[in-house]
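So the structure is just underneath, and the comments pick up after that.
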Amino acid sequence: MSPEEFRRHGKQVIDWIADYLAGIESHPVMSQVKPGEIRRALPASPPEHGEPFENVLSDLGQVLLPGITHWQHPGFFAYFPSNASGPAILGDLLSSGLGVQGMLWVTSPACTELETVVVDWLAELIGLPERFRTDAAGGGVIQDSASSACLVALLAALHRASGGRVAAEGIDRRYTLYVSSQTHSSLEKAARIAGLGAAGVRVVDVDPRTLAMDPAHLRELLAEDEAAGAVPAMVCATVGTTSTTAVDPVPAIGEVCRERGVWLHVDAAYAGVAAICPEFRWLNDGVAEYADSYATNPHKWLLTNFDCGVLWTADRGPLLGALSILPEYLRNTATSTGSVVDYRDWQVPLGRRFRALKLWSVIRWYGAEGLRAHLRKCVELAAELAGWIAADPGFELHEQHPLGLVCFRPLWPGLDDAAQADRATLRLMELLNASGSMYLTHTRLAGRVVLRLAVGAAATERRHVEQAWEQIRWEHAALSTTMP
Ligand SMILES: *Cc1c(COP(=O)(O)O)cnc(C)c1O
């Protein structure tokens, strides 16, 4: 494709995306296709002869679009709405246009140095302590996801806990990782990858009301495990759990970690970015004093399209100790002088995309005040919705909803069996999701199915939340009449 052909098709693509965004409400939020339907509509074998790019665009519209779930739809309330925005899309496009692979500083100095600037900017925006900055002993790095961030944090923690033995000799004793029942599954995945096994994951109790980790039980488990010869490698505290946005008490957990010399990772994948607003700075309580590493995902709530997760560490020594390997073919003068950052040593893969461009575009386009406005809009809409739910006798609200997520349970007075009621709740969710105007997901609280409505898409306005709530009430009432 020549630069002139690229210009022509590139304009078509930008127009396609702009039309898509302008008309996004005309699509059903959740794709309604059956498994295999899209695949069957595509040729089984690749073309022998090249085709015009228009064919790709027309198949995108006709074949693929029905199989797309529209994450940027204002009625997308599932999981955490993965954010995207114009500047992020354009920043990502520029990254593709440059085609840079930034594994080493020398493979594109600007890729590394812009990343350093942007992660330091974000640290400043969310009020992370000085020691997480690149000019101090720590520093930040953009990862693909929070799952990678917690794996990398665990590898650094293991390095420190083992005095470097794990990197040299492998797992030489029983190392343990501490989570709660509310911790994201990526921590267990990290433990399996790192060789601790699921058996190395110790589950600390939570307060049944707030679902926050119990630091006293953490202290007990640590003492018990150490007495049994295990080496505690890392504790993961979550600020804003995936299920309900519960917030673990980081200061109290941090105190226990300090007593025992255990690495504290703070997983704030969704909630961390909210600390850009002064009224949500409390989310960082204890991070400055106690955290060894901290991660948040701009792709979850900061208008940056997937993928973009940022990991900071207070001391990059163990991280580099765990992951640096310098084969001959990567040697270069800049690296050997030690005067540059090579982010390949801060992540699992060698190669890396120029993700800093999209985060830089987002922060510059919105400015701190624009980012705050987005975050506040979501929290305000969620609080308003929670008020409506609390006032409705047909529903039960989960009272903790500090951010953009509201969890609630429809009541089914005709059904006295909990399992039947849970099935009715799931049926209600399926009906709502099949309607095309919204997408909700569920979780379980105290064994009961609960619906989650996360306000987070850039396009979501008050009227969308209002409409969703009206429809939820209406469908609930309609379904209730069919119950015994
Ligand atoms: C979403 C989430 C993760 C995983 O995020 P990915 O970036 O998709 O890997 C981890 N922890 C928490 C608390 C999350 O909400």
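First listed ligand is number 1; within each ligand, the first listed atom is number 1.
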key: Evaluation steps, side chain to side chain contact (heavy atoms under 4.5 Å, CB included), between W105 and E113   = CA-CA 8 Å; W105 177 87; E113 295 193 14; 2.7 Å; yes

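- Atom 9 (O) of ligand 1 has as its closest protein heavy atom S147 OG, 2.6 Å.
- Figure legend: cation-pi geometry between R452 and F80, with NZ or CZ positioned under 6.0 Å from the six-membered ring centre and within 45° of its axis.
- Residue G240 has at least one heavy-atom neighbour below 4.0 Å for each of these atoms of ligand 1: 13 (C).
- Nearest protein neighbour of atom 10 (C) of ligand 1, counting heavy atoms only, is H184 CG, 3.3 Å.
- Atom CG of L319 and atom CH2 of W312 lie 14.0 Å apart (nearest 0.5 Å).
- Remark: ligand 1 and S145 share an N or O pair separated by less than 3.5 Å (distance only, no angle test).
- In summary, the atoms of ligand 1 found under 4.0 Å from a heavy atom of N297, numbered by their order in the structure, are 5 (O), 6 (P), 7 (O).
- The single protein non-hydrogen atom nearest to atom 11 (N) of ligand 1 is D267 OD2, 2.6 Å, given as residue, atom name and distance.
- If you check the side chains of Y20 and H70, you find a donor sitting under 3.5 Å from an acceptor.
- Heavy-atom separations between F80 and ligand 1 include at least one value shorter than 4.0 Å.
- Ligand 1 has no atom lying under 4.0 Å from any heavy atom of C150.
- Residue H299 approaches ligand 1 through these ligand atoms, each under 4.0 Å from one of its heavy atoms: 7 (O).
- A cation-pi arrangement, defined by a distance under 6.0 Å to the six-membered ring centre and an angle within 45 degrees of its axis, is absent between R344 and W346.
- Polar contact check, T238 against ligand 1: no nitrogen or oxygen pair lies under 3.5 Å apart.
- At distances below 3.5 Å, not a single donor-acceptor pair connects side-chain atoms of H442 with backbone N or O atoms of L451.
- The single protein non-hydrogen atom nearest to atom 14 (C) of ligand 1 is K300 NZ, 2.8 Å, given as residue, atom name and distance.
- Between the side chains of R352 and Q347, at least one donor N or O lies within less than 3.5 Å of an accepting N or O.
- In this structure, E430 pairs ionically with R427, as a charged nitrogen and a carboxylate oxygen lie closer than 4.0 Å.
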